[in-house]
Protein chains: 2
Amino acid sequence: MPTTPPQTEPRWLTPEEQHLWRTFMRMRQELDAQLARQIQAESDLSIADFSVLVVLTDVPDGRVRVLELARNLQWEKSRLSHHLARMVKRGLISRAECSEDGRGSFVLITDAGREAIEAAAPRHVELVRKLFFDPLSGEQLTQLTEISERILGAMQGCPALDPDS
Amino acid sequence: MPTTPPQTEPRWLTPEEQHLWRTFMRMRQELDAQLARQIQAESDLSIADFSVLVVLTDVPDGRVRVLELARNLQWEKSRLSHHLARMVKRGLISRAECSEDGRGSFVLITDAGREAIEAAAPRHVELVRKLFFDPLSGEQLTQLTEISERILGAMQGCPALDPDS
DNA sequence: CCCCATTGGTTGACATGTCATCCATGGGGG
DNA sequence: CCCCCATGGATGACATGTCAACCAATGGGG
């Protein structure tokens, strides 16, 4: 029998499962797209810029180690490095070397950066509310929290094919 | 009073809302990443390739108009055009001109394309099950379906800043 | 004290996505 | 019939992301 061994017929999705999967994926995608378009149009920041700046404004001195950023955003270091370079070029952040660790480097938010995010944030939250929170009941919010945590949990246990971290 | 007019203090997220939003976003992101990595590693198709091929195999003759594809995937036509060009170059699909409409063009799946997706699909479904369906209870699946539909609905009504479609 | 594997981070080549523009056909009103 | 604009699609320039290789500082064992 020359067939590849463990080829039990895969458990394809039932019609309802398929419907859920497709709806979920489309929702994700559309949500991203809308948020991206809005933030881009109104503030000439990208979602990526925005999330970097959020982290920077969350810490008291607006100063974070690169690797800390990477862990926080769950980005690979390469992507982060490239992105930070662009953000420096646009004056949103700047860098400082790290005295404790000669290899390391700090990222710090500039005044322009702070200005940019403070201008963009209110409209952004407003849209997040309108598209994500407002359509859902309080009960659904609880449910979705639980659901997200479950799925996330299932993946943490799955070191699968994880290059970084 | 020189302040910009309708600047009532934005409704920032409460801690629970923030927790939900961040958990949800991280879940999305991690889910995407895992699926992308797996499919890439095992089949040298990308998620994008995969979803194009799925549409192509869904129709009886494996032949779809470009614009039909675009609507189906919700991609902008430019992205689709570029992507199709690459897929042609890799032999996964080919094209045929459209007799009914001289501007139009058909996309058709090649044997290589069919082979590629048939090889990739089973492992992919398996992973989707493992990461998305299995961790959730039947009740949660129902809830998530409802939730996704709600959010999606809220966005359909929002023609917002939609360049295409 | 030195060697060397690890770690923090950058770089270059390349794949992918976006935006604006272009081009050819199609399909009506004048 | 012809003009003109809407439509289907391609293209080029550029922003962004990924992968693999690289480099310099670190920090332990021998």
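Everything numeric in this text was worked out from a predicted model, so none of it was measured. Letters A, B, ... mirror the listed sequences (proteins, then strands); counts begin at 1.
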Would you say [atom1] of [X] has more than 12 non-hydrogen atoms from neighbouring residues, nucleotides or ligands within 6.0 angstrom?
| X | atom1 | value |
| --- | --- | --- |
| A/Arg123 | CZ | no |
| B/Asp58 | CG | yes |
| A/Asp44 | CG | no |

Could you check which of D/dT16, C/dT16, D/dG9 has an atom nearest any side-chain atom of A/Ser46?
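Output: D/dT16.
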Quick check for you: to the nearest 0.5 Å, what is the distance between B/Met27 atom CE and B/Leu131 atom CG?
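Result: 11.5 Å between the selected atoms.
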Whole Å only: how far is the [atom1] atom of [X] from the [atom2] atom of [N]?
| X | N | atom1 | atom2 | answer |
| --- | --- | --- | --- | --- |
| B/Asp44 | D/dT18 | CG | C1' | 15 Å |
| B/Glu97 | C/dG26 | CD | P | 11 Å |
| B/Lys77 | D/dT11 | NZ | C1' | 12 Å |
| A/Arg71 | C/dG8 | CZ | P | 8 Å |
| A/Glu68 | C/dG8 | CD | P | 12 Å |
| B/His83 | D/dT16 | NE2 | P | 21 Å |
| A/Arg65 | D/dT26 | CZ | C1' | 12 Å |
| A/Leu67 | D/dT26 | CG | P | 15 Å |

Please walk me through it: do B/Leu92 and B/Val52 pass side-chain contact (heavy atoms from CB on, under 4.5 Å)?
CA-CA 10 Å; B/Leu92 298 168; B/Val52 168; over 6 Å; no
Between A/Ser99 and B/Arg79, name the one whose nearest nucleotide on DNA chain D is closer to the 5' end.
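Here B/Arg79 is the residue nearer the 5' end.
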Over all atoms of both residues, closest heavy-atom pair of B/Gln140 and B/Leu136
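Minimum heavy-atom contact is OE1-CA, 3.4 Å.
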At less than 4.0 Å, is any side-chain N or O atom of A/Arg95 found next to OP1 or OP2 of C/dT10? Yes or no.
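Answer yes for this pair, as a side-chain N or O of A/Arg95 is under 4.0 Å from OP1 or OP2.
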Close approaches to DNA chain D from residues 100-107 of chain B, in residue order (heavy atom, under 4.0 Å)
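Correct list: B/Arg103, B/Gly104, B/Ser105.
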Kindly give the atom pairs (protein nitrogen or oxygen, nucleotide nitrogen or oxygen) under 3.5 Å for nucleotides 12-15 of chain D.
| from | atom 1 | to | atom 2 | distance (Å) |
| --- | --- | --- | --- | --- |
| D/dG12 | O6 | B/His82 | NE2 | 2.7 |

Would you check, one step at a time, whether the test side-chain contact (heavy atoms from CB on, under 4.5 Å) holds for A/Val107 with A/Met87?
CA-CA 10 Å; A/Val107 179; A/Met87 289 182 74; over 6 Å; no
Any side-chain donor-acceptor pair under 3.5 Å between A/Arg86 and A/His83?
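Judged by distance alone, the side chains do pair up.
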Under the criterion salt bridge (Lys or Arg N to Asp or Glu O under 4.0 Å), I'd like the reasoning laid out for A/Arg129 against A/Glu126: C-alpha separation, chi angles, the key distance, then a yes or no.
CA-CA 5 Å; A/Arg129 281 204 174 284; A/Glu126 213 55 52; 5.7 Å; no
